[in-house]
Each structure stands twice: as C-alpha cells, then as structure tokens.
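Notes for the one structure printed next.
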Amino acid sequence: MTALTLSTSGAAALRADALVVGIAKGTKGLVAAPGSEAVDQAFDGKFGSVLETLGASGAEGEVTKLPSPAGLKAPVVLAVGLGPLPDKGDAYPAETLRRAAGSAARALSGVKKAAFALPVEAAEDVAAIAEGALLGAYAFTAYQGGEKNAKKGEGPKRPLAEVALLGAKPRDKAHKAAAERAIALTEEINRARDLINTPPNDLTPEAFAAVATAAGKENGIKVQVLDEKALAKGGYGGLLGVGQGSANPPRLVKLAYTHPEAEKTLALVGKGITYDSGGISLKPAGHNETMKCDMSGAAAVFAAVVSAARLGLRVNVTGWLALAENMPSGTATRPGDVLRMYSGKTVEVLNTDAEGRLVLADALTRASEEHPDAIVDVATLTGAMMLALGNRTFGIMANDDAFRTTLHELAEEAGEASWPMPLPADLRKGMDSPTADIANMGERMGGGLVAGLFLKEFVGEGITWAHLDIAGPAFHEGAPYGYTPKGGTGSSVRTLVKLAERAASGDLG
Ligand code: BES
Ligand code: MN
Ligand code: ZN
C-alpha cells in the first residue's frame with residue numbers, strides 16, 4: 001500500500017526519487033503550473049521550452065520524465081499535463097488534479113518515493129491530489145510472477161511506495177483532515193478493486209463474507225452472515241434461486257456501522273454475483289470473460305461502510321451484500337421456474353441471466369424492514385445501461401426526484417460521472433406474468449429502466465430509494481487513464497461516502 005505524507009519542505013530540497021510538477025496548455029504554448037517554480041529556476045527559467053523541445057503539449061494525462069539539472073535533490077522530474085490553462089483567477093478543477101496525480105503515480109510504478117508539487121490552493125486540492133495519487137498507484141499483482149515471486153522476490157513492478165505531498169500545510173486542520181480522509185477512502189476503494197479483480201474461483205460468496213467479517217471486526221462494524229441454511233429458513237427465494245445452480249452457496253451479509261449520536265440511518269445494498277455465467281440462459285462466449293466483476297456493487301457497498309466507520313461519521317450506515325454465484329447445472333433455476341421471494345411476492349424467472357434483480361429484491365425487502373431514512377442499491381445490473389451511457393458513466397434511478405438529484409450532485413462533487421434516468425410506469429406491464437406476480441424480464445427497449453422498475457417493487461412503502469446501475473464504469477477493460485486502472489475501478493464508492501457524509505450532517509434530501 002502506498003504511503004502518503006504532507007511535507008513542508010521546498011520542492012528543490014526534498015529527498016525523493018522523483019519530483020512531480022504540472023504543466024498546462026496556454027494560448028502561447030506550455031505553462032508550468034504553480035508548484036513548479038523551483039524546477040523552472042533549476043532549468044534557468046527554460047523549463048517550459050525544454051519540455052516543448054521534448055515534445056510535451058500539456059495535454060491531460062501526458063507524462064514527460066527528464067533528468068534533473070543541478071539544484072534539485074530529486075534526480076528525476078516528471079511533468080504531468082493538466083490540459084488547458086484555467087481562466088485567470090480560476091483554480092484547476094479538482095478532477096483535473098486527481099487525474100494528473102493518478103497519471104503521475106502510475107508512471108512511477110517501481111519507484112520508492114516521489115514528491116508531488118502540483119498546484120494546491122484549498123484543502124479540496126489536497127484531497128484531490130492525494131486521492132489521485134493513491135488510486136493511481138494501485139496495481140493488482142497478487143496472481144502474477146508466481147514462480148519468480150516465490151523464488152527470488154522478483155515479479156511484477158511494485159506500486160510507487162511513498163508520496164510526499166508538497167504545498168499543503170500539515171498544521172492546517174483542513175489540509176490534514178483532507179489527507180487523512182483521502183488515505184482511508186482510497187485504501188477502501190483499493191480493497192474493493194482487489195475484491196473485484198480476485199478471480200471467481202477464489203472469491204466465492206463464502207470467501208467474500210469471510211473478508212467482510214474480518215474487516216468488520218477490525219473496524220468496529222457489526223457483521224451478520226446468513227448462510228444457505230439460514231436463507232432457506234428465512235424464505236430468501238431470490239438469493240437461493242440464483243445460487244442453487246452453484247457448488248458455492250449464497251450468502252446475505254449485513255454490516256452495521258452505528259454512531260451513538262447519529263440522527264439518520266442509511267442503508268446500502270450491493271449486488272454481489274461473484275460470477276455471472278448467465279445460468280441456464282447461458283451467456284455466449286465473449287460475454288462472460290469479465291463476469292467476475294458482477295460483485296462490484298457489493299464491493300462498493302462494503303468499501304463505503306468501512307470508510308464511514310474509519311472516518312467516524314455521525315450516521316448509521318448499514319450495508320447489505322447479496323452474494324451468490326450464477327451457474328448452470330442440474331440444480332440450477334430453469335427459465336419458467338417461479339420463485340417465492342423474501343417479500344412473499346412470486347417471480348417467474350424468464351431469463352436466468354436477469355439474476356441481479358432477484359438477489360437485490362430480497363436484500364431490498366430485508367433492508368426495508370429496518371426502516372432506514374434512505375436506501376441506495378448499487379449494481380452491475382444491465383448491459384442496456386452501458387448501451388445508454390457508455391463505459392464511464394453510471395445511471396441513477398429513484399422513487400424520489402430530489403434524492404436522485406442529490407445523488408447526481410454528490411457524484412459530480414466526488415469526481416464520478418453519472419446521469420439521472422427515469423422509471424417510466426408504462427414499462428411495468430412488460431413484466432406482467434401469466435403465472436406469477438411479476439416476471440424477471442420485460443421489454444428489451446429501456447432494459448436498464450425495466451430492471452429499475454422491478455427493484456422498485458421490493459422497496460418498503462414510503463422509503464426513499466435510489467438505484468445506481470454501474471455496469472459501465474465498474475470494470476475498465478481499456479488502457480489505464482488518470483487514476484483508473486485496468487479491471488475493477490471502485491466505481492460509486494466516493495459517491496456513497498459523500499452521501500454518508502451528507503447524512504451525517506443531518507440532511508438526506
Ligand atoms: N451482470 C449482467 C449485466 C452486465 C453486463 C454487467 C455486462 C456488466 C457488463 C446482468 O446480470 C445481465 O446479464 N443482465 C441482462 C439482463 C437481461 C437478460 C434482461 C442484460 O443486461 O443483458
Ligand atoms: Mn446476468
Ligand atoms: Zn449479473
């Protein structure tokens with residue numbers, strides 16, 4: 001895990017293996033950003049033109065490494081692009097700093113210590129740079145270089161080990177708090193990424209539940225696990241129906257973080273399909289290679305509850321992890337089967353690949369029994385949401401317009417791309433079943449909204465609820481960019497933690 005400290009040292013004097021500075025695209029060429037003054041001096045005031053000669057443009061994410069001239073303690077300078085120069089008087093946007101810090105940290109894998117001298121004005125900038133650096137330094141290497149790793153300690157490059165953040169004031173309470181929050185939050189996001197990236201033969205529902213139990217103990221969170229016997233006794237037909245085809249039985253995990261002075265209780269529900277083969281409605285080849293990511297919602301909920309506990313937020317946060325493996329077999333649910341859900345409603349399973357809504361339905365009903373002030377569920381629920389919003393934006397649906405807007409705004413503040421989506425009532429009749437109360441599939445058009453409408457029916461009367469469909473951004477298959485690695489991203493954790501902080505201030509509207 002990468003360590004982070006705030007340093008009062010000057011950029012020239014700090015002992016580090018590399019010094020990170022920002023460069024922006026001005027109208028008349030490259031502009032070295034605040035924080036890079038000492039570097040520019042060491043280059044006799046020609047830092048910008050040296051970089052231009054090296055081909056740098058200042059574009060977002062661009063990284064240029066060069067050996068340091070005399071006068072700098074760090075032997076290497078890394079210039080990272082910040083994109084267009086902000087208008088006079090404007091600060092660099094937080095997300096620009098977050099991504100730049102991420103790109104720099106990624107380019108420094110294998111390095112021991114780097115000093116980050118990016119532009120810092122407010123505590124918000126400290127938070128953004130710290131988050132970007134700690135998320136960007138992440139690498140999932142647990143399964144690589146097996147033979148070499150075991151023998152000589154050789155193997156894949158280790159992440160950047162240490163970040164010294166310059167320009168922040170360690171004695172400024174707000175700066176210090178921003179750095180501490182960033183450390184706790186990014187450690188939990190990176191833990192969520194590890195869970196998502198762990199292959200499904202190792203991360204079974206039982207194994208996930210064990211990780212949650214251990215983390216709960218460590219962080220003063222009460223954890224309860226319902227195993228398949230308890231689920232059967234409780235009548236959790238959705239979880240059992242999805243899990244019954246697998247040799248790895250389902251689990252429902254409850255994580256309860258409570259604060260003695262809390263005024264609000266927030267319930268978070270996560271889809272935790274540790275592997276989605278589609279079941280008897282088997283996914284075709286080309287569609288199941290990344291389906292270990294189908295527990296990203298549960299990983300996000302888990303990370304958010306632990307973050308709330310580590311930050312000591314004045315709010316109660318309950319996390320529900322609906323864990324199951326969706327496999328085809330002689331014991332699997334068939335298309336045509338009817339399940340009796342935990343709520344008592346019956347569901348005709350027309351497509352066993354629409355399994356997420358079945359496990360979530362049980363968890364939503366169970367969460368509702370405790371009358372929280374609001375419920376948010378998070379799920380890699382539909383391919384349709386990816387068709388609608390692409391790979392980097394999650395959809396937000398809700399039974400309350402104001403709550404949906406709040407979540408959209410909090411996501412924006414957190415630097416996560418999202419967009420509000422409707423729940424059109426006319427799509428409900430597509431799920432009418434001749435046999436049961438509802439079918440688990442409806443019209444193909446608007447499939448993401450149909451799934452949302454299904455979930456809505458399992459939320460308790462009068463409870464404010466929102467649904468985040470993170471199927472697009474949960475798992476990144478392209479080349480890494482900014483602080484986003486290949487594989488699990490930890491999508492929605494930052495938004496959920498913002499929501500918990502909002503609830504801690506007594507406001508959930
Ligand atoms: N886990 C998938 C959705 C998904 C697809 C997530 C691709 C991430 C990447 C979900 O369980 C699923 O299979 N949904 C079906 C629903 C359909 C059968 C109604 C879908 O979207 O095709
Ligand atoms: Mn599926
Ligand atoms: Zn799924």
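In each ligand, atom 1 is the first atom listed, and ligand 1 is the first ligand listed.
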Check your understanding: With the threshold set at 4.0 Å, does a side-chain nitrogen-carboxylate oxygen contact exist between D227 and R251?
Key ->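 Answer for the salt bridge query: no.
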Among all protein heavy atoms, pick out the one at the shortest distance from [atom]; state its residue, atom name and that distance to 0.1 Å.
atom                    : answer
atom 16 (C) of ligand 1 : R357 NH2, 3.8 Å
atom 10 (C) of ligand 1 : L381 O, 3.2 Å
atom 2 (C) of ligand 1  : D276 OD2, 3.6 Å
atom 21 (O) of ligand 1 : G383 N, 2.7 Å

Rounding to 0.5 Å, atoms CD (E95) and CD (E60) come to a distance of 8.0 Å
| said: Return the CG to OG1 distance between D469 and T382, rounded to the nearest 0.5 Å. | reply: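 Between D469 CG and T382 OG1, I get 4.0 Å after rounding to 0.5 Å.
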- [ ] Examine all N, O or S atoms of G356, backbone included, and report whether one is under 2.8 Å from the Zn ion (ligand 3).
- [x]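 Short answer: no, not a single N, O or S atom is under the cut-off.
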Of T380, L350, D353, N351, the one whose closest heavy atom lies nearest atom 13 (O) of ligand 1 is D353
Closest by any non-hydrogen atom to atom 7 (C) of ligand 1: pick that one out of M385, E477, M441, M291.
->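 It is M291 that holds the nearest heavy atom.
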**Request:** Look at the rings of Y257 and H259 and say which category their plane angle falls in: under 30° parallel, 30 to 60° tilted, over 60° perpendicular.
**Result:**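 The arrangement is perpendicular - the two ring planes meet at more than 60°.
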K264 meets the salt bridge (Lys or Arg N to Asp or Glu O under 4.0 Å) criterion, sequence neighbours left out, with none
Residue [X] atom name (nearest to the Zn ion (ligand 3); N/O/S):
X    : result
D276 : OD2
D294 : OD2
E355 : OE2

Heavy-atom contacts with [X] under 4.0 Å: which atoms of ligand 1 show up? List them by number with element.
X    : value
K271 : 1 (N), 10 (C), 11 (O)
M386 : 7 (C), 9 (C)
E355 : 11 (O)

Look at D294 and state whether any of its N, O or S atoms is less than 2.8 Å from the Mn ion (ligand 2). no
Ignoring hydrogens and geometry beyond distance, is a side-chain donor-acceptor pair present between S343 and T365 at under 3.5 Å? no
- Looking just at side-chain N and O atoms, do T380 and D294 make a donor-acceptor pair shorter than 3.5 Å? yes
Among the N/O/S atoms of E355, the Mn ion (ligand 2) lies closest to OE1
*What N/O/S atom of D276 gets nearest to the Mn ion (ligand 2)?*
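For D276, the N/O/S atom sitting closest to the Mn ion (ligand 2) is OD2.
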* Asked: Is R193 close enough and on-axis enough to Y138, meaning under 6.0 Å and within 45°, for cation-pi?
  ->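 Yes, R193 lies over the aromatic ring of Y138.
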Original post:
Is the NZ or CZ atom of R392 positioned over Y481's six-membered ring, under 6.0 angstrom from the centre and within 45° of the axis?
Top reply: yes
E370 vs K254, salt bridge (charged side-chain N to carboxylate O under 4.0 Å, His left out): CA-CA, chis, key distance, verdict
CA-CA 12 Å; E370 305 194 350; K254 177 188 180 186; 3.0 Å; yes
